[in-house]
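Input: a single structure, listed below in structure tokens.
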Protein chains: 2
Amino acid sequence: MKKKVTLKQIARELDVSISTVSKALRNSIEISEDTRQKVQAFAKLYNYRPNNIALSLKNRKTKTIGIIIPEIVHHFFSKVISGIEAVANQRGYNVIVGLSNESFAKEVINMEMLANGSIDGFILSIAKETQQQQDFHHFTETINQGMPIVMFDRVVNDIKCDKVIVDDSEGAKLAVNKLIACGCKNIAIVTTKDYVSVGKLRTQGYLEALEDHKIHPKASLILKVHDQLLSEDHLDSLEVEIENLFKNNKKIDGVFAVNELYAITTMKVARKLGLTIPDDLQIVGFTDGVLSKHAVPALTTVSQHGKKIGEKAAELLINNLEREDEEDIYETVVIETELIERDSTK
Amino acid sequence: MKKKVTLKQIARELDVSISTVSKALRNSIEISEDTRQKVQAFAKLYNYRPNNIALSLKNRKTKTIGIIIPEIVHHFFSKVISGIEAVANQRGYNVIVGLSNESFAKEVINMEMLANGSIDGFILSIAKETQQQQDFHHFTETINQGMPIVMFDRVVNDIKCDKVIVDDSEGAKLAVNKLIACGCKNIAIVTTKDYVSVGKLRTQGYLEALEDHKIHPKASLILKVHDQLLSEDHLDSLEVEIENLFKNNKKIDGVFAVNELYAITTMKVARKLGLTIPDDLQIVGFTDGVLSKHAVPALTTVSQHGKKIGEKAAELLINNLEREDEEDIYETVVIETELIERDSTK
DNA sequence: TGTCAACACGAAAACGTTTTCGTAGCGTAT
DNA sequence: ATACGCTACGAAAACGTTTTCGTGTTGACA
């Protein structure tokens, strides 16, 4: 087992100083052709690689990006990560991942762990619990310490940082307009409670789309699903809630669901109730994940382009990190949503 | 913007030496009660946190684990990550993720980037291309430099490291036995080419199960899908291959598919051909992902317990890292598979 | 012979810690 | 008065780099 070789060892071995070795390796003209060759040959032989940690300490930058997301077993978030990783890697950065599990405490702890020198900046999406508690001190504090943040998807407006979002309300309108265009008269929405920012926005888009078409929204057609239901265990009660929605509103002929799981579950319930899709009932979802693509019938849905979101977020962060002038002008980039038409609509 | 405060600054401010500050913060008895209080108060006020990078350099350990996986937008791998992250975090480690995208070159580059001090050890699953090329020098080299590796799922046998695998062939037998028990007489398998280690093993299990029941395997019932098909774009040709399988073997009444996508696609093709599941055709998949759970009918499948695999891998790695004695005895842990019976079998 | 520039290299500081060792100051016992 | 032992603290090294600055040697030139 040959341990990693350091400048010091090379220096000792070749009977020169550490400085000389360092310079020789970086091809400094201060060093004679002769010694340069000698040193480089030796370094190559022993497979010398500079120690990243030492470099980080010296340069006071780590070339690493910290990602904090609520969950990783989730198509959208892993897409975003793959986007971040792609541009990060290409620009010489590494990516370190922390999971909040939707918990405020874990979000804070994770950020604190990473903020003490391990990374140069954050890319994150806020935990549900944090959105609920509206406690954002950990964000402002890290920013105050000079560490930039880029938020994506679930953002909080009055924090001074770059943001990458989709136009959720616009995307929702896309979906609902499609349903209207396809002849639906009684369009229901299956959505989350309002404290989930994206849920709220999508609900708004639903309402606006209806109003644009002079359709009066009915409260009974708006199902704000009780919480924790996204955690896959509570699927049953989700089904019950949706089933009640249908039973109380026999005339529903279109459903807009604000995420994949809601959409799929709605399909399942509808089938159980004897409705055919898309003939009796049309459905549009949000998030173009693996479920939508392989569902039967395949789900018409609003794609957020998760990978693109990640790429943009990484780009913004790295640009910020490598910017010379210290002016902080923050951007909010909106990634276009796109309606992917498949077989759950006519 | 108040930058992070260091020992040196505290020392200067309080007019004591750096050593004193360090000791005071760590409650050394060398320091008088008085100064200890003073220093700690000051540190708390300015929210002092030791710099991780400096600590890493000094201790020559980073408390970070490097993960290299072929793909992250994948239910199984993200499950594994979540498992790793859970125990890593709980034991005070961070997790840094590299993606190989199934490419040999990217695998090597990623490992080199991380191996130069950024991490204490690796947890990885091998890229397809690496399996194909059978070039494993980057693994042996990092191990020779004293950096431990834990491989999971796709492993290579003759590398000196801990491994966490599922008993793929046993899992496959579980699946095929189930089909046999449910009365299937002509069981086909949809699998990968043999260089994918897990595919090969599952194919083996299929053959063994048949032989155990004195059923003579037929070559025409074994579909080794042409490559790249897992990348979601080539779905069409996957469907064609499967469709041909059915057309050439009208009597197929059971299919074992070695992954979720193959299983789902088989279902889709079967439906197109007018077969009802599970009446005309029964299907068992491998990997209990979100697709299997929400498919219609829900898919009977072999669960690998991805999260458990991740947890075990992290446990092995960290135990190794924190072991005092340097004996290298390596374990191969087999995580039990489990047959999850749902509606695609009788 | 003396001066100066160019060349080739080394010493040392710096990044932020922890830890070992040395020691100044003081009280106590002989 | 001398010796000894505490107490409380500081100096310095170490981790592995990069970079600035200083300097010894050589050769050329007047």
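C/dC15 atom C1' lies 14 Å from atom NZ of B/Lys3, rounded to whole Å. Rounded to whole angstrom, the span from the NZ atom of B/Lys61 across to the C1' atom of D/dC15 amounts to 14 Å. Rounded to an integer number of Å, the gap from NZ of B/Lys38 to C1' of D/dA8 is 12 Å. Rounded to an integer number of Å, the gap from A/Leu55 CG to D/dG16 C1' is 8 Å. In this entry the distance linking CD1 of B/Ile29 with P of D/dT7 reads 8 Å, nearest Å. Remark: P of C/dA14 and CG of B/Leu7 are 16 Å apart, rounded to the nearest angstrom. In this structure, A/Ile53 atom CD1 and D/dT18 atom P are separated by 14 Å, rounded to whole Å. In this structure, CG of B/Leu57 is placed 9 Å from P of D/dT17, rounded to the nearest angstrom.
Using a 4.0 Å cut-off, no side-chain N or O of B/Arg49 falls inside it from OP1 or OP2 of C/dG16. For D/dC9, one of the phosphate oxygens OP1 or OP2 lies less than 4.0 angstrom from a side-chain nitrogen or oxygen of B/Ser32.
Rounded to 10 degrees, the angle separating the terminal helix axes of the helix from C/dT1-D/dA30 to C/dT30-D/dA1, each built from five base pairs, is 90°.
Between A/Asp135 atom CG and A/Thr130 atom OG1 the span is 8.0 Å, to the nearest 0.5 Å. Here the CD1-NE2 distance, from A/Ile335 to A/His305, works out to 9.5 Å after rounding to the nearest 0.5 Å. Rounding to the nearest 0.5 Å gives a distance of 5.5 Å between CE of A/Met111 and CG of A/Leu124.
The A/Lys8 side chain lies nearest to D/dC15 when the options are C/dT17, D/dT18, D/dC15. The listed nucleotides are D/dC9, D/dG16, C/dG16; the one nearest the side chain of B/Ile31 is D/dC9.
Backbone-only contact: A/Thr35 has heavy atoms under 4.0 Å from sugar-phosphate atoms and none from a base. Residue B/Arg36 is classed as having no contact, given no heavy-atom separation below 4.0 Å to the nucleic acid.
Judged by distance alone, the side chain of A/Asn320 and the main-chain N or O of A/Leu316 form no donor-acceptor pair under 3.5 Å.
Aromatic ring centres of A/His138 and A/Phe104: separated by under 6.0 Å.
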In B/S/- notation, 5' to 3', how is nucleotides 19-24 of chain C contacted by protein heavy atoms closer than 4.0 Å? BBB---
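Between A/Lys308 and A/Glu311 no salt bridge is recorded (no basic side-chain N to carboxylate O distance below 4.0 Å). Here A/Lys106 pairs with B/Glu85 in a salt bridge; the nearest charged N to carboxylate O distance falls below 4.0 Å.
Using bins of under 30°, 30° to 60° and over 60° for the plane-to-plane angle, the ring pair B/Phe136/B/Phe139 lands in the parallel bin.
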Please output the side-chain donor-acceptor pairs of residues 92-102 of chain A that fall under 3.5 Å, not counting sequence neighbours, one pair per line with the distance.
{"from": "A/Tyr93", "atom 1": "OH", "to": "A/Glu322", "atom 2": "OE2", "distance (Å)": "3.0"}
{"from": "A/Ser100", "atom 1": "OG", "to": "A/Ile69", "atom 2": "O", "distance (Å)": "3.4"}
{"from": "A/Ser100", "atom 1": "OG", "to": "A/Glu102", "atom 2": "N", "distance (Å)": "3.3"}
{"from": "A/Glu102", "atom 1": "OE1", "to": "A/Lys128", "atom 2": "N", "distance (Å)": "2.8"}
{"from": "A/Glu102", "atom 1": "OE1", "to": "A/Arg154", "atom 2": "NH1", "distance (Å)": "2.9"}
{"from": "A/Glu102", "atom 1": "OE2", "to": "A/Arg154", "atom 2": "NH2", "distance (Å)": "3.0"}

